[in-house]
Structures are given as structure tokens and as C-alpha cells.
Amino acid sequence: MANHDTEKKLITFRVKRFDPDGGERKRYTQEYKIEVMKGQSVLDCLNEIRWKQDGSLTFRRSCKSGICGSCAMTINGVNRLACETQVLALGSSTITVEPLKGFAVIKDLAVDIDPMVEKLLAVKPYLITKTPPPSDAERIQSPAERARLDGLYECILCGACTSSCPSFWADERYLGPHAFLKAYRFIADSRDDAPGEHLDALDDKHGLWRCHTIFNCVEACPKSLNPTKAIEALRRELVKEKIG
Ligand code: F3S
């Protein structure tokens, strides 16, 4: 009897490539074929292509565990983490792999995330405290205060949400759902003393008010987080801040 766990299936990977030094052939699609078995992720296959077929294929990866966010890319039209996407579970013998939309491509699947990081820094993505810490303990939170951070702290900053957002496609200065979610992660933190400092960058035509509640960011998040919910909460915080 056939062992379906070790059975291999021939899969064609259609990879969108970009070579900045490629002259007239800068952008093209290249096909690679690999025998894939159950358990192999898209990242495993890209590694195999790079190591055995084409060392010039460029992409980012690091932890291979869905934590670092480096390998976010568009796979069969959906933003996903390559390391968490099982090839055979996609149910297709042809897999298209493209760089995240909306970002400048450096080479092949590697995009320039510097602007995304700059927008993140604009919301001061760290705890701001105005009092010295207790001398003998950490800053304490109750279980209920800690629970408020669930659904916020898990963001790995992969960029899948922002890359899927039409408001971002239309306005490259738009801060983006990754920055909003991170801002709310600190505003919701009972230990943070300066919500206004996180909110400052958001009250802008390229900030919160540019979100049209399209929800693509929710669908795109590989960690099943909800940036739209955070955006609604931030708008309430901003109104509270404005009217005292
Ligand atoms: Fe964009 Fe998400 Fe708002 S997709 S428009 S940030 S709800």
C-alpha cells in the first residue's frame, strides 16, 4: 500500500523575479520544478531551489518558525509566511510566488522594508514611563491588565497586513496597519504613561483617518490578529485625547 506521507508530487513554482542589474530583462517569471512531499513548506522548497537549482534566487528568511516575519511573500495570490505554508495543503500543482505588493523590490522576493520600519518608529513602539521603576520588583500588571495585550503583542512585523492594504497602495506615506497595531499594543499597556506620545503620529491624513475599514489586513495576518479592531480603538483614544 502506498505511504501517502512520503509520496512525492511534482510541483511547479512560478517565481516572480527582479534583477536590478538585468538590463532589458529586469522583470520576468521563472519556473522551477521540485518533487515535494507532505510536511514541506514553501520556504523548504525555495531553499531547495536556491541550493540545488539556482543560487541566484534571492529571498529573506531567518527563524523558519513563524516568529521573525522575514519570509512574508505572496503565495498563490495571498500574503503568507513561506515557512508556515505547507505546499501540498495549497492543493495546487502550480504555486506562484511573488514579492509583497506595495514595497519596492530589491531583488526577486526581497523587498525594501526600511519605510515600514520608519513608520513603525513614528508611533514610538516601546513602553514610555514617567515614574521610576519600583526598586525591588518589575512594574506589576494584574492578570486582567496583561490580558488586554492578547491579540496585540503577537505581531511579528512581517508586513503582510500593510502590503495587502489598498490605502497603502494609494498612499506610500500611509502609516499602515502594522504601525497602528503596534501603537495600540503600547497604549493598551497599563504600564505605559504616555498614550498621547504614541498617538501623535496617527492624527494625520496619512495616519488613522486614511484607513477605510477595508479589512484586507485582517485576512492577511498570518498570526490571525485584527488590526482593524485596533484601529477602531485608536480612533476612540484619539477622540478622547482631543476632547480631554
Ligand atoms: Fe487598510 Fe486594514 Fe484599514 S486593509 S484600509 S488598514 S482596515
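Remember, it's 1-based here, ligands and their atoms both numbered in the order they're listed. Count residues from 1 along the sequence. Just so you know, these numbers use all the heavy atoms, side chains as well, and skip hydrogens, waters and symmetry mates.
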Problem set entry | Where at least one partner belongs to residues 205-220, residue pairs that pass salt bridge (charged side-chain N to carboxylate O under 4.0 Å, His left out), sequence neighbours excluded |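 Salt bridge (charged side-chain N to carboxylate O under 4.0 Å, His left out) check on residues 205-220 returns Asp171-Arg210.
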
For this session: Taking only Lys NZ, Arg NE, NH1 and NH2, and the carboxylate oxygens of Asp or Glu, determine whether Glu145 and Arg148 approach each other closer than 4.0 Å.
Result: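 Salt bridge between Glu145 and Arg148, a charged N being under 4.0 Å from a carboxylate O: no.
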
For this session: May I ask you to decide whether Glu237 forms a salt bridge with Lys240, counting only side-chain N to carboxylate O separations under 4.0 Å?
Result: yes

For this session: Return the set of residues passing ring-ring contact (aromatic ring centres under 6.0 Å, His included) with Phe180 (not counting sequence neighbours), or none when no residue passes.
Result: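 In terms of ring-ring contact (aromatic ring centres under 6.0 Å, His included), with neighbours along the sequence ignored, Phe180 is linked to Tyr174.
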
Problem set entry | Partners meeting ring-ring contact (aromatic ring centres under 6.0 Å, His included) with Tyr32 (sequence neighbours left out) |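 So Tyr32 forms no ring-ring contact (aromatic ring centres under 6.0 Å, His included) with any residue.
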
For this session: Provide, to 0.1 Å, the distance between atom 6 (S) of ligand 1 and the closest protein heavy atom, together with that atom's residue and name.
Result: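 Here the nearest protein heavy atom works out to Tyr174 OH, 3.4 Å.
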
For this session: Could you check atom 5 (S) of ligand 1 against the protein and tell me its nearest heavy-atom contact, residue, atom and distance included?
Result: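 The closest heavy atom on the protein side is His212 N, 3.3 Å.
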
Exercise. So is Trp169 in contact with ligand 1, going by heavy-atom distances below 4.0 Å?
Worked result: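 In this structure, Trp169 fails to qualify as a contact of ligand 1 - no heavy atom is under 4.0 Å.
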
Problem set entry | Parallel, tilted or perpendicular, as decided by the 30° and 60° cut-offs, for the rings of Phe103 and Phe168 | tilted

Exercise. For Arg146, does the CZ atom sit with more than 12 other heavy atoms under 6.0 Å from it, leaving out its own atoms?
Worked result: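 Enclosed: over 12 neighbouring heavy atoms sit under 6.0 Å from CZ of Arg146.
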
Seminar exercise, completed: Total protein N/O/S atoms sitting under 2.8 Å from atom 2 (Fe) of ligand 1, waters ignored, is 1

